[in-house]
Amino acid sequence: MKVLIIQENGHHDANRNYRECFSLQRAFVSLGHDCSVWGNLHPNYDQTPDFNSYDIIMDIENNNPEWIPYELIRETTKPIKYLWAIDAHLIPPDKFEQRYQMGKFHKLLHSTIDYVKDTHHLWFPNGYDDQLISKGTTEKKSFMGYCGSLGSPERTDLVNYISDEFQAKIDINVLGNDMVKAIQTYVIHFNKNIKNDLNYRNFETIGCGTVLLSDKNKQYELLGFVDGENCILYDNKEDMKSKVMYYANNVEKLREIAENGYQLSKQHTYLDRVQKLLGLTEDII
């Protein structure tokens with residue numbers, strides 16, 4: 001199949017190769033498909049694609065979509081068109097609904113299950129790029145760490161808490177390959193999702209062979225995450241402290257959780273997501 005992915009290019013050099021469009025492109029290509037990326041800030045942006053020449057078009061996130069020619073995309077007759085809404089805490093779902101109508105897309109994919117309301121909505125969760133992220137052989141230097149942005153007052157409070165309570169290593173705004181290297185050095189990687197999203201760190205963490213410690217969310221069970229088996233899930237600070245102290249004295253159990261999490265990660269790669277999307281496309285065709 002011939003695939004076009006529409007997404008603005010990344011603004012951070014260190015993280016650009018991890019951009020969703022490039023990760024999906026690698027997955028499509030690895031499965032034998034012809035896949036191109038186009039959008040604002042890409043070198044080819046001044047060359048408007050022949051949208052009707054593609055079998056699949058994916059419009060991904062794009063917080064500022066003013067540059068996207070939805071009037072042209074709307075008029076296509078050949079491609080199956082998907083709009084993927086990723087960070088719902090940044091863009092209200094109704095904005096994606098408007099864009100879905102503007103481009104006359106076939107399906108609106110939501111990474112957060114709460115926004116799947118009817119048959120033209122589908123749950124399409126985040127994943128990770130196993131061509132860039134792996135378990136590695138890096139020594140575990142820190143019992144606990146956090147790699148990411150502060151993002152919200154709730155997350156900031158918890159990051160300060162784990163720094164004070166557990167002397168966690170804090171790596172703020174560490175990106176790309178350095179992000180992977182940092183997570184690989186933690187025994188436990190703390191995470192706090194924003195609102196009802198499940199962020200990428202969930203999948204990247206277990207893909208690094210590191211134990212995921214995250215706040216509870218109903219989507220975990222649906223994705224195969226099980227507290228105490230392949231991750232650690234907490235309700236609040238007190239619950240987190242109790243669990244961390246328990247596992248600090250049960251290191252062998254932590255190794256088991258890390259390995260189980262790593263095995264689970266193989267179900268949440270971009271390759272897995274693309275295979276599911278191709279199956280969906282076959283059904284629509």
Side-chain angles (χ1 to χ4, degrees), residues 18 23 27 111-113 123-148 155 158-159 162 166 168-171 174 176-194 196-236 239-276:
Y18 289 75
S23 290
S111 65
T112 303
I113 198 169
W123 187 33
F124 196 73
N126 297 332
Y128 83 101
D129 191 335
D130 63 342
Q131 295 189 45
L132 299 178
I133 296 171
S134 63
K135 187 189 298 188
T137 56
T138 306
E139 178 187 355
K140 300 292 186 183
K141 298 178 181 178
S142 303
F143 177 68
M144 185 185 295
Y146 172 70
C147 184
R155 184 187 286 171
L158 286 170
V159 168
I162 64 168
F166 308 118
K169 187 174 188 301
I170 308 301
D171 293 305
V174 174
N177 296 335
D178 291 335
M179 173 269 291
V180 176
K181 291 175 183 176
I183 295 174
Q184 288 174 339
T185 66
Y186 313 148
V187 175
I188 296 174
H189 186 204
F190 164 80
N191 181 57
K192 171 66 176 76
N193 298 292
I194 297 180
N196 54 349
D197 287 350
L198 280 191
N199 60 33
Y200 285 103
R201 287 299 187 269
N202 292 286
F203 308 102
E204 293 164 345
T205 297
I206 59 176
C208 284
T210 294
V211 174
L212 171 68
L213 169 68
S214 192
D215 56 316
K216 289 183 177 178
N217 183 303
K218 66 182 181 183
Q219 295 171 99
Y220 282 121
E221 182 179 357
L222 298 172
L223 292 168
F225 289 82
V226 179
D227 181 28
E229 180 178 313
N230 50 34
C231 64
I232 304 170
L233 302 176
Y234 62 86
D235 285 307
N236 48 44
D239 186 42
M240 181 200 301
K241 181 175 181 179
S242 173
K243 288 180 176 179
V244 169
M245 297 306 294
Y246 168 77
Y247 286 112
N249 295 310
N250 290 271
V251 178
E252 196 56 43
K253 181 63 176 175
L254 281 176
R255 293 195 186 97
E256 180 183 327
I257 292 173
E259 179 57 29
N260 289 341
Y262 179 68
Q263 294 304 319
L264 175 66
S265 76
K266 297 175 183 180
Q267 300 176 29
H268 298 298
T269 65
Y270 276 98
L271 189 66
D272 173 78
R273 300 295 187 251
V274 164
Q275 288 173 323
K276 286 183 171 58

Notebook entry, point to check: Does a sphere of radius 6.0 Å around NZ in Lys135 hold more than 12 heavy atoms from other residues, nucleotides or ligands, not counting ones at 6.0 Å or beyond?
Noted result: yes

Notebook entry, point to check: Side chains of Asn191 and Thr205: does their closest heavy-atom pair fall under 4.5 Å?
Noted result: no

Checklist line | Derivation and outcome, side chain to side chain contact (heavy atoms under 4.5 Å, CB included), residues His189 and Glu204 | finding: CA-CA 10 Å; His189 186 204; Glu204 293 164 345; over 6 Å; no

Item checked: Leu198 side chain reached by Phe225 side chain, heavy atoms, under 4.5 Å -> no

Item checked: Any donor-acceptor N/O pair, Asp197 side chain to Asn199 backbone, under 3.5 Å -> no

Next item on the list: Say whether Asp129 and Ser23, considering side chains only, have a donor N or O and an acceptor N or O under 3.5 Å apart.
Entry: yes

Notebook entry, point to check: Any donor and acceptor pair, going by atom type alone, linking the side chain of Lys169 with main-chain N or O of Met144 inside 3.5 Å?
Noted result: no

Check: With no hydrogens and no angle check, do the side chains of Tyr220 and Asn202 hold a donor and an acceptor under 3.5 Å apart?
Finding: yes

Checklist line | Taking every non-hydrogen atom, the tightest pair across Leu233 and Asp239 | finding: O-OD2, 3.9 Å

Item checked: Passing candidate, side-chain contact (heavy atoms from CB on, under 4.5 Å) with Ser265, options Leu212, Ile206, Asp272 -> Ile206

Margin query: I'd like to check Asp171 versus Met179 (side-chain heavy atoms, cut-off strictly below 4.5 Å). Are they in contact?
Written below: no

Note to self: For Asn230 and Tyr262, which I'm curious about, is there any donor-acceptor pair between the side chains at under 3.5 Å?
What the structure shows: no

Next item on the list: Decide side chain to side chain contact (heavy atoms under 4.5 Å, CB included) for Tyr247 and Ile257; before the verdict, give the C-alpha distance in whole Å, the side-chain angles of both, and the deciding distance to 0.1 Å.
Entry: CA-CA 10 Å; Tyr247 286 112; Ile257 292 173; 3.5 Å; yes

Next item on the list: Provide the closest heavy-atom pair for Tyr146 versus Phe190 in the form atom of the first, atom of the second, distance.
Entry: CD1-O, 3.2 Å

Check: Where do Glu229 and Asn260 come nearest, in terms of heavy atoms and distance?
Finding: O-ND2, 3.0 Å

Notebook entry, point to check: Does some side-chain heavy atom of Pro125 sit less than 4.5 Å from a side-chain heavy atom of His268?
Noted result: no

Checklist line | Distance, nearest 0.5 Å, that separates OH of Tyr270 from CD of Gln275 | finding: 15.0 Å

Check: Does the side chain of Thr210 come within less than 4.5 Å of Ile188's, by heavy atoms?
Finding: no

Check: side chain to side chain donor-acceptor pair (under 3.5 Å) between Asn177 and Tyr18: does it pass, once the steps are laid out?
Finding: CA-CA 9 Å; Asn177 296 335; Tyr18 289 75; 2.7 Å; yes

Note to self: Tell me whether the NZ or CZ atom of Arg273 lies within the 45° cone about the ring axis of Phe203 and under 6.0 Å from its centre.
What the structure shows: yes

Next item on the list: Supply the atom-to-atom distance Tyr234 OH to Ser214 OG, rounded to the nearest 0.5 angstrom.
Entry: 5.5 Å

Next item on the list: In sequence, state the C-alpha distance, the side-chain angles, and the governing distance for Phe166 and Lys241, and then conclude on side chain to side chain contact (heavy atoms under 4.5 Å, CB included).
Entry: CA-CA 9 Å; Phe166 308 118; Lys241 181 175 181 179; 4.2 Å; yes

Item checked: Cys147 side, atom SG; Lys181 side, atom NZ - distance, nearest 0.5 Å -> 12.5 Å

Check: Looking at Lys216 and Glu221, does any basic side-chain N land under 4.0 Å from a carboxylate oxygen?
Finding: no

Check: Taking atom NZ of Lys253 as the centre, does the number of heavy atoms from other residues, nucleotides or ligands within less than 6.0 Å exceed 12?
Finding: yes

Next item on the list: For residues Glu259 and Glu256, determine if any side-chain heavy atom of one lies less than 4.5 Å from a side-chain heavy atom of the other.
Entry: no

Item checked: Contact summary for Leu223 and Leu264, nearest pair of heavy atoms -> O-CD1, 3.6 Å

Item checked: Sub-4.5 Å side-chain heavy-atom contact between Met240 and Leu158 -> yes

Check: Where do Gln219 and Asn196 come nearest, in terms of heavy atoms and distance?
Finding: NE2-O, 3.0 Å

Checklist line | Minimum heavy-atom distance Cys208-Val180, with the two atoms named | finding: SG-CG1, 3.9 Å

Next item on the list: Apply the test side chain to side chain contact (heavy atoms under 4.5 Å, CB included) to residues Ile183 and Arg201: give CA-CA distance (whole Å), side-chain angles for both, the deciding distance (0.1 Å), then the verdict.
Entry: CA-CA 9 Å; Ile183 295 174; Arg201 287 299 187 269; 4.1 Å; yes

Note to self: If you define the side chain from C-beta out and look only at heavy atoms, does anything of Lys192 sit under 4.5 Å from Val159?
What the structure shows: no

